Asker: 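Dropping the structure in here first, questions after.
Since this is a predicted model, take the numbers as computed values, not measurements.
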Amino acid sequence: MTMQTDTPIDALLAKLQPLRDALGKAVVGQHDVVEQLLIGLLAGGHVLLEGAPGLGKTLLVRSLGQALELQFRRVQFTPDLMPSDILGTELLEEDHGTGHRHFRFQQGPIFTHLLLADELNRTPPKTQAALLEAMQERTVSYAGTTYALPAPFFVLATQNPIEQAGTYPLPEAQLDRFLLHVRVDYPTEQEERDILVQTTGSSSGAVPKVMHAEDVLALQAAVRQVHVSDDVLSWITRLVRASRPGAAAPEAVNHWIKWGAGPRAGQSLVLAAKARALLQGRFAATRDDVQALIAPVMRHRLLLSFAAEAEQKGADDVIAALLQAVPFPA
């Protein structure tokens, strides 16, 4: 399959391995997390990283910002953060020559290529909602004027588990704007030992810059051209529709799911599968790509029932049952 971009596709793909290596210099292990982060970048979607404190979520995102020659900003979300602290505000300025006063919009930290929204669920819903328009439309509206955000625009948010004190669950509408919900687990014993060595020694751990904004945009355009067969598209459609409770839904869905995934889940799964294929040097997405990404694509889009909570079933358990109930056609 031929890809039409200003830069040859082989040259673009050749930059992905140095990008992986650059992240590997700063972050020990977490290979699946790194892959899913890059998939989100290539697919042009936002990524939500969830895990206990101290697992390197912020370090990973900051390292990605250093490896990409993109403008990078970090916002630490706290209970007293206001929407204007993210979007910006109007300042009253005076022309000292004429004495004329006028308002000037001072752009906030959201006007960047790569925004790290650190501990997003530490701030109240009013401030969380300030990101909604930016994440969906790539614009910011303030005082009747709409401002375009830079391209590419990529939100990487981190959150601690909801069960911890002092957190505000993200509303469903905002969760749906994230392409992937990535869970960051504890490292293995060997990885944890390597972390101790790497973080307590004298090495600087500097992350080299390996990719420009134009490269990212070209790769995102290339992802759109990756082929998806009719069988895979039909399977994705059936999987998403089967997640909605109803007469035609699998028994596990009706028992464990209160509200299923919307059409945006199917769009996200197709794009993520395409991005994973391109990341691995393939120009056609397969069912393996879908199986690898259905959990991070759908786990934040399912509202589980009380029965699931009572039986201690999580979203990943429900998704596994969904895959078993709706297998890929032989």
Side-chain angles (χ1 to χ4, degrees), residues 37 40-41 43-50 53 57-96 100-160 166-182 207 209 211-214 216-217 220 300:
L37 197 63
L41 177 69
H46 311 295
V47 177
L48 177 64
L49 296 170
E50 180 179 300
K57 301 184 297 296
T58 302
L59 174 62
L60 176 59
V61 177
R62 188 171 66 243
S63 301
L64 179 63
Q66 293 170 350
L68 300 171
E69 289 204 42
L70 302 176
Q71 189 178 17
F72 167 72
R73 289 180 180 172
R74 175 180 182 268
V75 176
Q76 179 66 49
F77 282 74
T78 57
D80 60 348
L81 196 73
M82 298 296 291
S84 59
D85 296 327
I86 305 169
L87 304 179
T89 187
E90 283 190 332
L91 302 177
L92 181 61
E93 293 188 341
E94 181 177 348
D95 188 325
H96 295 292
H100 178 70
R101 293 183 177 184
H102 65 279
F103 284 100
R104 179 179 64 85
F105 181 65
Q106 178 66 43
Q107 294 182 350
I110 201 169
F111 287 86
T112 185
H113 290 115
L114 179 58
L115 178 69
L116 168 55
D118 213 357
E119 294 191 301
L120 180 58
N121 62 334
R122 291 287 181 192
T123 199
K126 179 180 180 180
T127 306
Q128 292 174 0
L131 289 174
L132 268 176
E133 179 190 354
M135 291 175 65
Q136 182 64 27
E137 308 296 338
R138 266 67 171 180
T139 60
V140 169
S141 296
Y142 192 96
T145 303
T146 299
Y147 304 89
L149 292 170
F153 175 68
F154 190 37
V155 174
L156 292 168
T158 70
Q159 72 171 13
N160 295 327
T167 58
Y168 300 83
L170 295 177
E172 289 77 9
Q174 185 151 9
L175 283 173
D176 201 29
R177 263 65 177 185
F178 285 101
L179 179 84
L180 302 175
H181 178 186
V182 179
V207 180
K209 293 188 181 297
M211 195 176 289
H212 303 277
E214 294 77 12
V216 175
L217 291 172
Q220 289 178 349
H300 56 300

Asker: Give, for atom CG of Leu114 and atom CG of Leu64, the distance between the pair rounded to the nearest 0.5 Å.
Answerer: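 One finds 5.5 Å between CG of Leu114 and CG of Leu64.
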
Asker: Given side chains that start at C-beta, do those of Phe153 and Ile110 come closer than 4.5 Å, heavy atoms only?
Answerer: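 Sidechains of Ile110 and Phe153: in contact.
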
Asker: Is any side-chain heavy atom of Val47 closer than 4.5 Å to a side-chain heavy atom of Val182?
Answerer: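 Yes. Closest side-chain heavy atoms under 4.5 Å.
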
Asker: With sequence neighbours excluded, what pairs up with Ala213 under the side chain to side chain contact (heavy atoms under 4.5 Å, CB included) test?
Answerer: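 With neighbours one apart ignored, the set is Leu70, Pro152.
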
Asker: What are the two closest heavy atoms between Gly44 and Arg138, and how far apart are they?
Answerer: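 Minimum heavy-atom separation between Gly44 and Arg138: O-NH2, 2.7 Å.
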
Asker: Crowded around Lys126 NZ? As in, over 12 foreign heavy atoms under 6.0 Å?
Answerer: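 No - once you tally the heavy atoms of other residues, nucleotides and ligands closer than 6.0 Å, there are 12 at most.
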
Asker: What pairs with Glu133 under side chain to side chain contact (heavy atoms under 4.5 Å, CB included), at least two apart in sequence or on another chain?
Answerer: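 Side chain to side chain contact (heavy atoms under 4.5 Å, CB included) list for Glu133, sorted by chain: Glu137, Thr139, Ser141.
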
Asker: Using every non-hydrogen atom in the two residues, find where Ala43 and Leu179 come nearest and quote the distance to one decimal.
Answerer: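 Closest heavy-atom pair between Ala43 and Leu179: CB-CD2, 3.7 Å.
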
Asker: Rounded to the nearest 0.5 Å, what's the gap from CG on Leu149 to CE on Met135? Could you check?
Answerer: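 So the CG of Leu149 and the CE of Met135 are separated by 12.0 Å.
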
Asker: How close do Leu48 and Phe178 get, counting heavy atoms only, and between which atoms?
Answerer: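 Leu48 and Phe178 have their closest heavy atoms at N-CD2, 3.6 Å.
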
Asker: Mind listing the closest non-hydrogen atom pair of Leu131 and Ala117 along with its distance?
Answerer: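 What the structure gives for the nearest pair is CD1-CB, 4.5 Å.
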
Asker: What heavy-atom pair brings Leu132 and Gln174 nearest, and what distance separates the two atoms?
Answerer: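 Closest approach of Leu132 to Gln174: CD2-CA, 3.7 Å.
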
Asker: How would you list, by chain and number, every residue that makes a ring pair (Phe, Tyr, Trp, His ring centres under 6.0 Å) with His300, sequence neighbours excluded?
Answerer: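 Scan of His300 (ring pair (Phe, Tyr, Trp, His ring centres under 6.0 Å), adjacent residues dropped) gives His181.
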
Asker: Quick one: pull up CD in Gln107 and OG1 in Thr112 and give me the separation to the nearest 0.5 Å.
Answerer: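 Reported value, rounded in 0.5 Å steps: 10.5 Å.
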
Asker: Not counting sequence neighbours, which residues clear salt bridge (charged side-chain N to carboxylate O under 4.0 Å, His left out) with Asp85? List them please.
Answerer: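 None.
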
Asker: Only pairs at least two apart or in different chains count here, so list each side-chain hydrogen bond (donor to acceptor under 3.5 Å, both in side chains) that has a residue in residues 70-79.
Answerer: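 Residue pairs passing side-chain hydrogen bond (donor to acceptor under 3.5 Å, both in side chains), neighbours aside: Arg74-Gln76, Arg74-Asp118, Gln76-Glu119, Thr78-Asp80.
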
Asker: Could you tell me if the side chain of Leu49 sits less than 4.5 Å from the side chain of Leu156, heavy atoms only?
Answerer: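 Contact flag for Leu156/Leu49 side chains = no.
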
Asker: Enter the distance from Phe77:CZ to Gln159:CD here, rounded to the nearest 0.5 Å.
Answerer: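 So the CZ of Phe77 and the CD of Gln159 are separated by 12.0 Å.
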
Asker: Give, for atom CG of Leu68 and atom CZ of Phe154, the distance between the pair rounded to the nearest 0.5 Å.
Answerer: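 Going from the CG atom of Leu68 to the CZ atom of Phe154 covers 9.0 Å.
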
Asker: Considering only residues two or more places apart or on different chains, which pairs with a residue in residues 168-177 satisfy salt bridge (charged side-chain N to carboxylate O under 4.0 Å, His left out)?
Answerer: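 Checked against salt bridge (charged side-chain N to carboxylate O under 4.0 Å, His left out) - neighbours excluded - the pairs reaching residues 168-177 are Asp176-Arg264, Asp176-Arg301.
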
Asker: Show your reasoning for whether side chain to side chain contact (heavy atoms under 4.5 Å, CB included) applies to Leu116 and Thr158.
Answerer: CA-CA 8 Å; Leu116 168 55; Thr158 70; 4.1 Å; yes

Asker: For Asn121 and Gln128, work out which heavy atoms get closest and say how close.
Answerer: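 Residues Asn121 and Gln128, closest heavy atoms: CA-NE2, 3.8 Å.
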
